[in-house]
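Only one structure is covered here, and it is reproduced in the block below.
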Amino acid sequence: MEIYQLESILLRQQVALWNEAFSDYLVPAAMTEASFTARMEKLHLSAQESLVAKVDGEAAAVILTGTRNFKTGIIAWIGGLAVVPKFRKKGISRQLLEQLFVRYQEQGVKESRLEVISENVPALKLYEKVGYKPINELIYLTGNLQNYGVVCSRLEDVSNTAEYVALENEDLPWQNRITAHHKIATIWQDEEQLGYIVYSLSDDNLILLQVRLNHASTQILSVLQAFYEIYGNISCAVFNEIITNNYLPVLLNKEFKKVATQIQMCKEVQ
């Protein structure tokens, strides 16, 4: 087996490898060249830092990674690791990880973070064997906006994001960070600011990424009511939220459904 930088193969080959390796993943993961490129850019993933494994010249596995500078040092994130089905059970994933750790040390990386679906027991066991430890259990919910029959909050878009980026702690899941090109709105009831929310929005889909309300369990429906009155009955998701947050039962009682839970994990590198 040989290991190369991901940038050593063409984009179409990178995408084909990703799709083949994730073809039987627990949640849909297939991408086009456009969506793969956008994901790499939005999530600060690097084709130079990411790796591909080849067996007898054939692409067999891929691991995506990227780094960010935090106040306490450089943190890396693994944004996907998968092996093409016919090359599994040969220790390729572990070899890729070990090579990645060597490169992390050369870069001065302090910690490596990742998330893994709770039901993916083989992956969990592998990450534990190489030194990752769980730090949070996360949940992913989906539903649809509706008329909740409550007084809606007022949303005010935030253009200067710097002060909100400064509020993010290091344990916040990588994909939920404001720097992944998400929007921010402050939440108001009359003249009182209730908090703020970080979200992404397309024509027919709202994704809540950070819910920061003074009393989220009693205020979340008024926030969703505000989005409903603007966008109507579009789909709505809560992504990578800590499973113990007290507003989640409110959504589950409003026909939101669990898609998956993930274990957020961390490994010290230096």
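FYI, the numbering just counts along the sequence from 1.
- At a cut-off of 3.5 Å, with distance as the only test, no side-chain donor of Ser222 or Tyr148 sits close to an acceptor on the other residue.
- How far CG of Leu251 is from CG of Leu224: 6.0 Å, rounded to the nearest 0.5 Å.
- Under the 3.5 Å distance criterion, with hydrogens and angles disregarded, no donor-acceptor pair is assigned to the side chains of Ser93 and Arg88.
- Between the side chains of Tyr104 and Glu106, no donor-acceptor pair is found at a separation under 3.5 Å.
- Nearest approach of Asn246 to Pro249, heavy atoms of both residues: O-CD, 3.5 Å.
- A cation-pi arrangement is absent between Lys54 and Phe87, since the terminal nitrogen or guanidinium carbon is not both under 6.0 Å from the aromatic centre and inside a 45° cone about the axis.
- Taken from OG in Ser50 to CG in Leu64, the straight-line distance is 4.5 Å, to the nearest 0.5 Å.
- Using modelled atom types, one finds a donor on one side chain and an acceptor on the other under 3.5 Å when comparing Tyr247 with Glu241.
- Side-chain contact annotation: Thr72 with Lys110, donor-acceptor N/O pair under 3.5 Å present.
- To the nearest 0.5 angstrom, Gln262 atom CD is 9.5 Å from Leu114 atom CG.
- Residues Leu97 and Ile63 share a closest heavy-atom pair of CD2-CD1, 3.7 Å.
- Of the N and O atoms on the side chains of Gln99 and Gln95, not one donor lies less than 3.5 Å from an acceptor on the other residue.
- Between the side chains of Ser235 and Asn144, no donor-acceptor pair is found at a separation under 3.5 Å.
- The closest side-chain donor-acceptor pair between Gln264 and Glu137, if any, does not fall under 3.5 angstrom.
- Side chains of Asn147 and Gln225: a donor-acceptor N/O pair is present below 3.5 angstrom, by distance only.
- At a cut-off of 3.5 Å, with distance as the only test, no side-chain donor of Gln5 or Glu49 sits close to an acceptor on the other residue.
- Because its NZ or CZ atom is not both nearer than 6.0 Å to the ring centre of Trp77 and within 45° of the ring axis, Arg177 does not count as a cation-pi partner of that residue.
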